[in-house]
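This chain uses plain numbering: 1 for the first residue, then up along the sequence. All values derive from a computational prediction rather than experimental measurement.
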Amino acid sequence: MYKSIIIGTGPAGLTAAIYLARANLKPLVIEGMQPGGQLTTTTEVENFPGFPDGIMGPELMDNMRKQAERFGAEFKTGWVNKVDFSKRPFKLFVEGMGEIETETVIISTGASAKYLGIPGEQENVGRGVSTCATCDGFFFRGKKILVVGGGDSAMEEANFLSRFGSSVTLVHRREELRASKIMQDRARANEKIQWALNRVPLEIVAGDNGVKGLKVLNNETGQEELIEADGVFVAIGHTPNTKFLENQIDTDEIGYIRVKPGTTETNVPGVFACGDVQDVRYRQAVSAAGTGCMAAMDCEKFLEGSMVHDWSGTL
C-alpha cells in the first residue's frame with residue numbers, strides 16, 4: 001500500500017511529486033494517455049518563470065519528471081477506470097495494474113480543451129491552431145487571427161488577442177451569441193474585432209508553413225467561404241477529466257472538483273485536487289504548478305498530523 005498516489009502528470013502532478021518525494025514519502029505517479037499533460041502539445045513556452053529564452057513544452061515536462069524521479073517518485077503508466085473513496089485506505093482500479101491501495105490521493109488529471117472536430121484541426125495544433133490565447137497570443141503579433149466560439153471565453157480570448165493581432169475575427173455558427181451581455185458589449189466596442197456570425201466551421205486550411213485560414217459554411221447563403229487567417233483559436237470550453245470519479249467526490253455541475261477555498265482539500269479527507277481539474281479560471285502552467293505544491297503540503301500535513309515537515313530546505 002502506498003502513502004500517496006498522484007493521478008496525472010501535468011505541471012501540477014509533477015510539482016506535487018517533487019515535493020512529496022523530497023519529503024521522503026515515495027509517491028506513486030500514475031501517467032495516463034498523455035504524460036506531461038497539455039504542455040506536451042505546445043511548442044515554445046515563454047511565460048513559465050526561470051526561462052528567459054523560453055523552453056519547449058515537452059522539454060519542460062520532461063525536466064520536471066526527471067526532477068521528481070531524482071528524489072524517489074515512482075512512475076507507472078496506466079488508466080484509472082474508477083476509485084473507491086468510501087473509506088481509507090482508498091482503492092484505485094487501474095487498467096493494466098489492477099487494484100491499488102493508498103492512504104492519500106492527489107488528483108491532477110487536468111481539463112481537456114474542447115475541439116471542433118473538423119479536418120485539419122488536430123494536425124495543426126501548435127502550427128496555428130491553439131486553445132489558449134494567454135499561452136500563444138504573443139506568437140501572432142501583427143497577424144490575422146480567428147477566434148471560434150460564442151460564449152464568454154470566446155469574447156475574452158478575442159479581446160485579449162486584439163492586443164497582438166492586426167485583426168481578430170470572431171466566428172460563431174449562430175447569429176446569436178451565448179456570451180453574457182457585458183462580455184458581448186466589451187467585444188463589440190473593440191474596433192479590432194470583426195464578426196463572422198452564422199457561419200459553421202468546416203475545415204482548417206493549412207500549408208507547409210502552418211494555418212492559412214478557416215473554411216466555413218455561410219448559413220445565410222448556403223455557400224462555402226474561406227476566411228483567411230494565420231491563427232485559429234478554438235474557444236468553446238474545457239472538459240475536466242473527472243469522469244472516472246463517478247460521484248465519489250464533490251464536483252460542480254460541469255465536473256470541476258470543488259476544493260476548500262485557500263487549500264487543495266476536497267470533501268473527502270485525504271483526497272486532494274490540484275491543477276486544471278479544480279481551476280475554472282486561470283488554467284496556466286505556473287498556477288497549476290503552484291497548486292501542485294499546495295497539494296503536496298496539504299497531503300504531507302494530513303499524513304503526519306501535527307508533525308509538519310520542514311519545507312524550508314525545498315525553497
Answer with yes or no whether the side chains of D298 and T263 bring together a donor and an acceptor at under 3.5 Å. no
Check the surroundings of atom CD in E99: do more than 12 heavy atoms from other residues, nucleotides or ligands lie under 6.0 Å from it? yes
Got more than 12 heavy atoms from elsewhere within 6.0 Å of OH, Y282? no
Decide side-chain contact (heavy atoms from CB on, under 4.5 Å) for E265 and V259; before the verdict, give the C-alpha distance in whole Å, the side-chain angles of both, and the deciding distance to 0.1 Å. CA-CA 5 Å; E265 299 171 8; V259 295; 5.9 Å; no
Going only through I, L, V, M, F, W and Y residues with side-chain contacts under 4.5 Å, is there a path from V148 to I118? yes
Looking at every heavy atom in both S167 and Q194, which two are closest together, and how far apart are they? CB-NE2, 3.9 Å
Can a side-chain donor-acceptor contact be found between T239 and S112 if the only test is distance below 3.5 angstrom? no
Start with the C-alpha gap between L197 and L177, add the side-chain angles, then the distance that decides, and say whether side-chain contact (heavy atoms from CB on, under 4.5 Å) holds. CA-CA 9 Å; L197 303 180; L177 299 169; 3.9 Å; yes
Should the pair E74-K26 be classified as a salt bridge under the 4.0 Å nitrogen-to-oxygen rule? no
To the nearest 0.5 Å, what is the distance between CG (N190) and CG (L170)? 11.0 Å
Minimal non-hydrogen separation, F90 against E103, with atom names: CE1-O, 3.4 Å
How long is the span from the CG atom in L214 to the CD atom in E228, to the nearest 0.5 Å? 12.0 Å
Got a sec: does the CZ of R70 have more than 12 other heavy atoms crowding it under 6.0 Å? no
Could you walk me through whether T169 and I145 pass the side-chain contact (heavy atoms from CB on, under 4.5 Å) test, one step at a time? CA-CA 6 Å; T169 301; I145 300 173; over 6 Å; no
Quick one: is the NZ or CZ of R141 closer than 6.0 Å to the six-membered ring centre of F138, and within 45° of its axis? yes
For the CZ atom on R174, are there more than 12 heavy atoms of other groups (residues, nucleotides or ligands in this structure) within a distance under 6.0 Å? no
